[in-house]
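A short write-up of the structure that comes next.
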Amino acid sequence: MSAYLAQRVLLTIPILFGIVILTFFLVHLIPGDAVSAMQGQLKMSAQQMEQMREALGLNDPLHVQLGRYLTRLAQGDLGRSLFGGQPVAVLIASNIGATIQLTVAAMAVAVVIGVPLGILAAVKRGTLWDVTAVVLAMLGVSIPSFWLGLMMIQVFAVTLGWLPIIDRSARGLIMPAVALGLAEAAIIVRLTRATMVEILTADYIRTARAKGLLDRVVLWRHALRNGLLPLITMIGMQFGTLLGGAVVIENVFARQGLGTLVTQAVINRDFPVVQGCVLVAASMYVLVNLAVDIFYVVVDPRIRYS
Amino acid sequence: MALPPSLARFRPFFTALLLVCSLIFSACGAAPQPSAPAPTQTGGGAAPPPTSVPAPLPETGPQTTSRSRLVFFGNLEPASIDVITMSGNVNERQVAAQIFETLVYMDQSQQIYPGLAREWSRSDDAKTWTFKLVSGVKWHDGAPFTAQSVADYFEHIRDNPVGSGPGSLKAVIGSARALDETTVELVLTAPRPDLLIELADPGMGIGNAAYVKRVGADAGFNPIGTGPFKFKEWVRGSQIVLVRNPEWTWGSPMFRMSGPPVIEEVVFRFSSEAQTRLAALEAGEVDFVDLLPFQDVVRVRTDPRFTVTGVLLPGMPQMNYLNTSLPPTDDLNVRKAIIYATDKQGIIESVYFNMVEPAYGPLSRVFPEYEPALEQMYEYNPEKAIQLLEEAGWLPGPDGVRVKNGQRLEVTIVENKGWNDWVYVLQANLQAVGFDAKVITTQGPSNTEAIASGKHHVPAMGDVFASASQMTRDWHSEGYGTFPSGHFLKGEQGARLDAMLKDAETEIDPEKRKEKYREIQRFIMENALMVPIFELYFYVAHANNLKGFVVDGTGFYKYFAPAYFE
């Protein structure tokens, strides 16, 4: 197991290196740079803009800028923001907690809604419960999260006054988490239903029932445990989707987080911040996938890594 | 409606579903349509700025407030909030205006008031300026504020390429020196008759150069000024919190108060989502929102809880440049045809719900230098546009697009996303008279790049400034401002416009200056260098009981020192 883990951790290094290189060239492909973003208000002459580009190192050839970035990165330095000069690591550190909080809350919403509804749909296959769950799942994946967020704001904050919009308390997390998590819940409903329908018609379930086991024992101990593996894989994969969705939802609810930070950085062409955020998000994604692999062992004793 | 027995057990579920759907649909209901144009016009007929001290105003500042915390909800979070290290983001100045003080202030009627400078004088050539500072001022860290602080500030912004103040002013700072503890002399390398207006910009708040040199970029995240509010905390991505400066007793007469603010805390929140900002106001979570969407103005205005104010932003109205260095817009007739084909009233009605007013030239009508004769120069006349195009040899082609010598009449319009929504009506207007007009959507830096490339015919633009002399930054080939690579008028005519702008900018006599700027406006429109669209109004909404705040000369920035809640 430990050898497997070491191998997986080592494999993340080339993955992250590839992401760094790709991100570097992608952000430099976008027209404009930080100086042209500042130009809007500072009203500089062409000469002053060149001076500023020189001071910020933006005039250097791309390979020189990349080399400088990689050297700093190897020393654990993510660089400084071109806007205001704050260290990127500080910016990320002050935002990442809020994003993780939102992502985990959204995932909790997705699991709490998605798994029971999926099981219900499978157990009551062909009934109104099943149809309703499938229709809701279809709606869930079809509704854009930003629109859902804006509608929830109108209904639950403006009209009913039940929930805050920009409050930083736990209550302020409810609407963003639901808006972000509902689409994932819909995906989980569909997957859980499909998996459970297949399992519930399997021979070993029929055998368990023939032995006289109670329905709930068959369902929770025999069927669900086997249905968890694809579910855990899906949850791990959806973590990345939720991180992407957080970019939108954080903006809609004016929440602190990596999404707000990276959106602003892309608009401003603040390259070091964009690169730092993407690197951290990619690392999180890789780590979650690793955690999912480890969790397989816990859930299914038949799985052994060597 | 009765449910079949098999479904009756789902009644509670259906009821709940119906309730949720009805809530959602009620939220989606159409907002009332705006019916009447009622922008609150401010400014207008401004006199040249005085160089003497106005009489002190009565002190009628607030003594009490029913609430001690004010929450402002703006669109973009600042990158830095020290005036010396700032990057140019609009809200940096909005926050900085509370922490820092300028040498002078200007209100919406274009009246100049003393700020940190209580008196000032200038040489005849407007190159040497002397400021007498108010005494007893302290920085927020307790250090004394002196004439040397001001001299250090000017020299610091002159010498540093990153951040600090408008580029065109930085370029003319010669030297600054303290004559005594409270007198500072600023020597410019070129005449600057409008210096006071530039110094009244919140971005020209006097920063602590010694502090910035000591702590570097961190000054932008823990700023020290002399203003009515002190920096308390900045939770990145969430909020900036300022607290009242109890020692602040030297406020500008513009604020009409003798003591510190009564508001204890000013909180700045930010969201680029206009609907979120508005919803937060309606839900009572914030007190003040910027950049109200035009389509929501009428609805919010009818809500008795809020006050909606529209301010005409002085400067260069919303417009489209016409690139004279590219065919087919290098032809004067084609450029004039574009102006005649543009239905600006249609744009104002359909895109801006009559919340703005038509523009006729490159300068807002609030300036004394505004040329009213332009109002009769071009009217909406598509037939005239067609006639001009045909005179220029552009004849209808097989697909409706005009052709000349095998070339199609193609133009590209550049849009800065979120700011230039009229371009799609303009596109339709041009297609109606035989253009093949394409819209290129850009945002922020890519907009600057697209315009500076000079590769597009009809880029949209607009600018906000408080003095006609700032026309230089939008029209001079040196390109201060929106045109880093110079404007689109090349050759002899370009050189003439450059000379006219420089001549007017340094003209000290108000009457001669007025005539020179009017000549420039006529020159621009006679040569059809732009399509004027509309005068930009900036709508803000705030809680009805929030009173006393002061708006600056550009209409953009709010000073909360005198604010209070009724």
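Quick caveat, the model's predicted, so the values are computed rather than measured. Residue numbers start from 1 in every chain, and the chains themselves are labelled A, B, ... in the order their sequence lines are given, proteins ahead of strands.
- Separating the CD1 atom in A:I153 from the OG1 atom in B:T276 is a distance of 4.5 Å, to the nearest 0.5 Å.
- Ranked by heavy-atom pairs shorter than 4.5 Å toward chain B, the options A:Q86, A:R269, A:R80, A:R255 are led by A:Q86.
- Only the side chain of A:L150 comes within contact range of chain B, with heavy atoms under 4.5 Å apart.
- Contact detail for A:V252 and B:E273: the closest heavy-atom pair is CA-CG, 3.8 Å.
- Nearest heavy atoms, B:L76 versus A:Q264: CD2-OE1, 3.4 Å.
- Between B:R236 and A:Q256 the shortest heavy-atom distance is O-CG, 2.9 Å.
- For the set A:V90, A:N95, A:L261, A:T260, the count of heavy-atom pairs under 4.5 angstrom toward chain B peaks at A:N95.
- No part of B:V71 comes within reach of chain A, as not one of its non-hydrogen atoms sits under 4.5 angstrom from that chain.
- The minimum heavy-atom distance between A:A254 and B:F73, with the atom names listed, is CB-CZ, 3.7 Å.
- Proximity to chain B is limited to the side chain of A:L91, based on heavy atoms less than 4.5 angstrom apart.
- The candidate with the highest count of non-hydrogen atom pairs below 4.5 Å against chain B, out of A:A157, A:G149, A:G161, A:P164, is A:P164.
- For a residue to count as touching a neighbouring chain, one of its non-hydrogen atoms must lie under 4.5 Å from one of that chain's; by this rule B:R269 touches chain A with the side chain only.
- Closest approach of B:S271 to A:N251, counting heavy atoms only: OG-O, 3.2 Å.
- Across every non-hydrogen atom of A:L163 and B:E285, the tightest pair is O-OE2, 4.4 Å.
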